[in-house]
Enquirer: 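Got a structure here, written out as structure tokens. Questions coming.
Quick note on labels: first sequence line is chain A, next is B, and so on, each numbered from 1. Just so you know, these numbers come straight off a predicted model, no measurement behind them.
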Amino acid sequence: MRMTRLVGRRIKEDPRDAQTVSHKFLIRGGYIRPVSAGIYSLLPVGKRIIEKIEKIVREEMDAIEGQEVLMPVVLPAELWEESGRYGSVGAELLRFKDRNDKSMLLGMTHEEAVVHLIRSEVSSYKQLPVMLYQLQTKYRDEARPRAGLIRVREFTMKDAYSFHTSQECLEAYYERAHEAYVRIFKRIGLKSCVSIESNSGMMGGKISHEFMAVAESGEDTIFMSPCGQYRANREIAYAAWKYEKSAPLPLEKVHTPDKKTIEDVAAFLGLKPENTGKAVFFRDEKGSLIFAMIRGDFEVNESKLKNYLKTNELTYADDNLIRSCGAEPGYASPLALDTSKVRIVIDNSIAQSSNLVVGANEADHHYKNFNAGRDLPGAEVIDIATVRDGDPCPVTGQPLMMRRGIEVGNIFQLGTKYSAAMKCEFLDKDGKSHPMIMGCYGIGIGRSMASVIEQSYDNYGPIWPITISPYHVQLCSLNPKDGVTETADKIYSELSESGIEVLYDDRGEKAGFMFSDADLIGIPFRIIISPKTLQNNQIEFKRRGEKDVTMINIPELGGFIKETVAAEFAKYKA
RNA sequence: CGGGGUAUAGCGCAGUCUGGCUAGCGCAUCUGCUUUGGGAGCAGAGGGUCGCAGGUUCGAAUCCUGCUACCCCGACCA
């Protein structure tokens, strides 16, 4: 490709709206352009990168017997009513009516569509297992798109769905899909991408993993053990917390005037926050009151609590609701409450600790020496603590590392949630009908591209891995005179003919101008030709991101580039 | 949905508080000449409903009211 013809200008200044590295460089390098909030056009260089990522994804999906299909973006609401999701998914599902007043929606994921397809095409155990995948546009009406391609409304996703006759078959396939994902993210050049245990959320199902590109700009908080044996999303992470028990002392009411916060109470009584119990009141989606108690130095993990309570919504309860069960805001404890009006759950940290300070359900008073086993027998004891940076790994006890991650992919063992609801069944050997057992497997394509930048850039632009770089080599023709143009043209056509993808900067601009554009385009290898190098019948060869240059004799150039490119590709072999 | 911010040429900004000449600057674009190894110089040119709609005023980018879009934090989120 000649740069004189290339559409998509480079921008020298950071766009005002961009905060993250990938957002800035994707705009500045001429890869994407915003059209509306969270909706982007892809320019030629961006499109080439996306296609290369898609090609790798296709290869790995095909390698695990996936069959590519294409399902519609626009789906009838009735399909989603069958699964029950039409009512349960919120405003991020974009609903609209067609001209006949029929309710339609834009697909944000395609479980319903694929089940609709499979249930009419597959009916016997002999046809299973099977996996279908597609690369298709998804639309989610995100409340807050952000950070360029990292959180968008319209995006391309590879989504795959597997169908099995047994849980064992699903689990075996799930493992293969997991391995395929590891290969994909290695091949596209993510330097740090880990699979972590995750919360299944609205998808239903039990076991699931998220593939996280570790990056500061990530939206999720993840915990990783230094040994690599434990990795989990903060939403479900737990740690090997140690608690100390001592002999219970008698309950004692103490005067704590105007001391409402954990810090104030602890300081006033000369204790540490871990010697106190924190009371947190929630209201669930039905309006019921939940009293959660946790040691004073911990925070309640609302995801864990939601999962335990099997509720979709938790908000903090207001003071009136808190008082309705006999508790006093700021001085609350689980003692002597009206348990018909409140459900009490206590964290392990409370159950395993002794002689804590808790509220007395009376203004300006607390109790000392609360012991859950003695004072609150039969309480629901669960893990609702939020892991903190440095908490002990559940496997090895080493301090967990807290990181941010971009979720580039996820895999779920769905089970029969959709197949049962939508009657996607197969006949077994005995002629009996069963719902198929499903898995689903997603990868965000655009988000993956952005994640690669987040992990591979310098001050001047992205540094693309050769596997997804828009071109293999950039050819810069400097000061094109004295035969430079002729030689550059010849190198361009010879390399192109030998299968090397060349971006040829034939604009004859100032060197610095061309180099800074080249940095923004981020191609890993650069060939520079000028009257100076041509004097010795040579070109200059440079790697993106490195200072050193190598002089190569022009007759040897073709072979050298082929070898160098091949060697670079080999580094990303999975 | 709550909180904060922004909106003036393709991009980045000044001007707004304190209303007043023809709305500026840098980058980019076009023309000519000179340049040519890390963002070239000179000379010239084109490009604006000052986000939108009302209002106040002799006069509004500037003051008032309403709206919209975009960004950030939070809530939310396979």
Enquirer: Counting any heavy atom closer than 4.0 Å, what does A:A518 reach on the DNA or RNA strands: base, sugar-phosphate only, or nothing?
Expert: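 If one applies the 4.0 Å heavy-atom cut-off, A:A518 turns out to touch nothing in the nucleic acid.
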Enquirer: Using a 4.0 Å heavy-atom cut-off, does A:R526 contact any base of the nucleic acid, only the sugar-phosphate backbone, or nothing at all?
Expert: base
Enquirer: Check the pair A:R119, A:E82 against salt bridge (charged side-chain N to carboxylate O under 4.0 Å, His left out), reporting the backbone distance first and the verdict last.
Expert: CA-CA 13 Å; A:R119 71 182 173 190; A:E82 266 193 71; 2.7 Å; yes
Enquirer: Nearest whole angstrom, please: distance from the P of B:A69 to the CZ of A:R16.
Expert: 17 Å
Enquirer: With sugar-phosphate meaning primed atoms plus P, OP1 and OP2, does A:N410 contact a base, only sugar-phosphate, or nothing at under 4.0 Å between heavy atoms?
Expert: base
Enquirer: Can you tell me the base-pairing partner of B:A75? Count Watson-Crick or G-U wobble geometry only, both distances below 3.5 Å, and say none if there is no partner.
Expert: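 Result: none.
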Enquirer: Starting from C1' on B:G10, measure out to CZ on A:R33 and report it in whole angstrom.
Expert: 10 Å
Enquirer: Starting from P on B:U35, measure out to CG on A:N479 and report it in whole angstrom.
Expert: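 The answer, rounded to whole Å, is 11 Å.
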Enquirer: Looking only at side-chain N and O atoms, does A:R144 come under 4.0 Å of OP1 or OP2 in B:C76?
Expert: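 False: A:R144 side-chain N/O out of range (4.0 Å or more) of B:C76 OP1/OP2.
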Enquirer: Remember a base hit wins even if backbone is also touched, and classify A:E540 as base, sugar-phosphate or nothing at under 4.0 Å, heavy atoms.
Expert: base
Enquirer: Would you mind pulling out the nucleotide paired to B:C17, Watson-Crick or G-U wobble, both distances under 3.5 Å?
Expert: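 For B:C17, the partner nucleotide comes out as none, under the 3.5 Å rule.
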Enquirer: Using the side-chain heavy atoms of A:K510, tell me which of these nucleotides is nearest: B:A40, B:C71, B:C11.
Expert: B:A40
Enquirer: Using purine N1 to pyrimidine N3 plus N6-O4 or O6-N4 for Watson-Crick, or N1-O2 and O6-N3 for G-U wobble, each under 3.5 Å, what pairs with B:U31?
Expert: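 For B:U31, the partner nucleotide comes out as B:A43, under the 3.5 Å rule.
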Enquirer: Check side chain to side chain donor-acceptor pair (under 3.5 Å) between A:E299 and all other residues, then give those that pass, not counting sequence neighbours.
Expert: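 Expected list: A:K278.
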Enquirer: Say we look at B:A61 and B:U49: how far apart would their P atoms be, to the nearest angstrom?
Expert: 13 Å
Enquirer: When the C1' atoms of B:A45 and B:A28 are compared, how many Å lie between them, rounded to an integer?
Expert: 14 Å
Enquirer: So do A:I411 and A:F211 actually touch side chain to side chain, heavy atoms under 4.5 Å?
Expert: yes
Enquirer: Side chains of A:L478 and A:I529: closer than 4.5 Å at any heavy-atom pair?
Expert: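 No - every pair of side-chain heavy atoms lies 4.5 Å or more apart.
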Enquirer: Applying the Watson-Crick and G-U wobble criteria at under 3.5 Å, what pairs with B:C50? Answer none if nothing qualifies.
Expert: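 In the structure as shown, B:C50 has no Watson-Crick or wobble partner.
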Enquirer: Taking the side chain of A:R146 as its heavy atoms from C-beta onward, which of B:G37, B:A78, B:C72 lies nearest to it?
Expert: B:C72
Enquirer: For A:I27 and B:A28, what is the distance between atoms CD1 and P respectively, to the nearest whole Å?
Expert: 20 Å
Enquirer: Is a side-chain donor-acceptor pair under 3.5 Å present for A:D159 with A:Q134?
Expert: yes
Enquirer: Assuming nearest nucleotide by heavy-atom distance, tell me which of A:K158 and A:A147 is located more 5' along RNA chain B.
Expert: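 Residue closer to the 5' terminus by nearest nucleotide: A:A147.
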Enquirer: Could you tell me whether A:S477 contacts a base, only the sugar-phosphate backbone, or nothing, with contacts defined as non-hydrogen atoms closer than 4.0 Å?
Expert: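 Contact class for A:S477: none.
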Enquirer: Hey, does the side chain of A:K24 come within less than 4.0 Å of B:C71's phosphate (OP1/OP2), counting only N and O?
Expert: no
Enquirer: Between B:G4 and B:A75, how far is it from one C1' atom to the other, in whole Å?
Expert: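 One C1' to the other, the span is 15 Å.
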Enquirer: Can you find a donor-acceptor pair, distance only, under 3.5 Å between A:S516 side chain and B:G38 base?
Expert: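 Donor-acceptor pair under 3.5 Å: no.
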Enquirer: How close or far is atom P of B:G37 from atom CD1 of A:I527, stated in whole angstroms?
Expert: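 Rounding to the nearest Å, CD1 of A:I527 and P of B:G37 are 20 Å apart.
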Enquirer: Taking atom C1' in both B:G51 and B:U62, what distance in whole Å separates the two?
Expert: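 Those two atoms are separated by 15 Å.
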Enquirer: What nucleic acid atoms does A:K306 come within less than 4.0 Å of, heavy atoms only: base, sugar-phosphate, or nothing?
Expert: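 The answer is sugar-phosphate, as A:K306 gets under 4.0 Å only of primed atoms, P, OP1 or OP2.
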Enquirer: Among the nucleotides B:G38, B:A78, B:C76, which one has an atom lying closest to any side-chain atom of A:F515?
Expert: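 Taking heavy atoms from C-beta onward, the closest nucleotide is B:G38.
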Enquirer: Write down the partner of B:G59 under the Watson-Crick or G-U wobble criteria, each distance required to be under 3.5 Å.
Expert: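 Across all strands, not a single nucleotide pairs with B:G59.
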Enquirer: Taking CZ from A:R507 and P from B:C30, how many angstroms apart are they, rounded to a whole number?
Expert: 11 Å
Enquirer: Between A:R28 and A:D14, is the closest basic N to carboxylate O distance under 4.0 Å?
Expert: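 Salt bridge between A:D14 and A:R28, a charged N being under 4.0 Å from a carboxylate O: yes.
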Enquirer: Please pick, from B:C71, B:A78, B:U8, the nucleotide with the shortest atom-to-atom distance to any side-chain atom of A:R140.
Expert: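 Of all the options, the side chain of A:R140 is nearest to B:A78.
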Enquirer: In terms of side-chain heavy atoms of A:D17, which of B:C70, B:C13, B:G37 is nearest?
Expert: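 So the side chain of A:D17 is nearest to B:C70.
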Enquirer: Could you tell me whether A:L478 contacts a base, only the sugar-phosphate backbone, or nothing, with contacts defined as non-hydrogen atoms closer than 4.0 Å?
Expert: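 It contacts base atoms.
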Enquirer: Any idea which of B:C76, B:G38, B:A78 is nearest the A:K542 side chain?
Expert: B:G38
Enquirer: Quick one, A:D62 with A:Y133, criterion side-chain hydrogen bond (donor to acceptor under 3.5 Å, both in side chains). Give me CA distance, side-chain angles, the key distance, then yes/no.
Expert: CA-CA 9 Å; A:D62 292 345; A:Y133 74 95; 2.8 Å; yes
Enquirer: Looking across every strand, which nucleic acid part, if any, lies under 4.0 Å from A:R9 by heavy atom: base, sugar-phosphate, or nothing?
Expert: sugar-phosphate
Enquirer: Need to verify one output field. Residue with the more 5' nearest nucleotide on RNA chain B, A:R28 or A:A37?
Expert: A:R28
Enquirer: Taking the side chain of A:K532 as heavy atoms from C-beta outward, which of B:U6, B:C72, B:G37 is closest to it?
Expert: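 Among B:U6, B:C72, B:G37, the one nearest the side chain of A:K532 is B:G37.
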Enquirer: Examine B:C70: is either OP1 or OP2 under 4.0 Å from a nitrogen or oxygen in the side chain of A:S36? Give yes or no.
Expert: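 A:S36 to B:C70 OP1/OP2: side-chain N or O found under 4.0 Å.
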Enquirer: How is A:K547 classified with respect to the nucleic acid when contacts are heavy atoms under 4.0 Å: base, sugar-phosphate, or nothing?
Expert: nothing
Enquirer: Expressed in whole Å, how much space separates the C1' atoms belonging to B:G47 and B:G38?
Expert: 30 Å
Enquirer: Does this structure show an ion pair linking A:R176 with A:E65, if we count only N-O contacts that are shorter than 4.0 Å?
Expert: yes
Enquirer: Is it true that A:R526 and A:D519 have a side-chain N and a carboxylate O under 4.0 angstrom from each other?
Expert: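 Yes.
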Enquirer: I'd like the P distance from B:G5 over to B:G48, given in whole Å.
Expert: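 B:G48 and B:G5 have their P atoms separated by 32 Å.
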Enquirer: Who is the Watson-Crick or G-U wobble partner of B:U68, with both distances under 3.5 Å?
Expert: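 When the pairing criteria are applied, B:A7 turns out to be the nucleotide that pairs with B:U68.
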Enquirer: Using atom CZ of A:R153 as one end and atom C1' of B:C71 as the other, report the distance to the nearest whole Å.
Expert: 14 Å
Enquirer: What is the nucleic acid contact for A:E13, judged by heavy atoms within less than 4.0 Å: base, sugar-phosphate only, or nothing?
Expert: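 It contacts base atoms.
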Enquirer: Under 3.5 Å for both donor-acceptor distances, Watson-Crick or wobble: does B:C25 have a partner, and if so which one?
Expert: B:G12
Enquirer: Is A:D519 touching bases, backbone alone, or none of the nucleic acid, heavy atoms closer than 4.0 Å?
Expert: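 Base contact - A:D519 has a heavy atom under 4.0 Å of at least one base atom.
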Enquirer: Just by distance, no angles: are the side chains of A:R2 and A:Y492 close enough, under 3.5 Å, to form a donor-acceptor pair?
Expert: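 Absent: no donor and acceptor within the cut-off.
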Enquirer: If we take the C1' atom in both B:U8 and B:A69, what is their distance in whole Å?
Expert: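 Between the two C1' atoms, the distance is 16 Å.
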Enquirer: Roughly how many Å is it from CD in A:E509 to C1' in B:G38, rounded to a whole number?
Expert: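 Taking atom C1' of B:G38 as the reference, CD of A:E509 is at 14 Å.
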Enquirer: If the C1' atom of B:G46 is compared with that of B:U31, how far apart are they to the nearest Å?
Expert: 11 Å
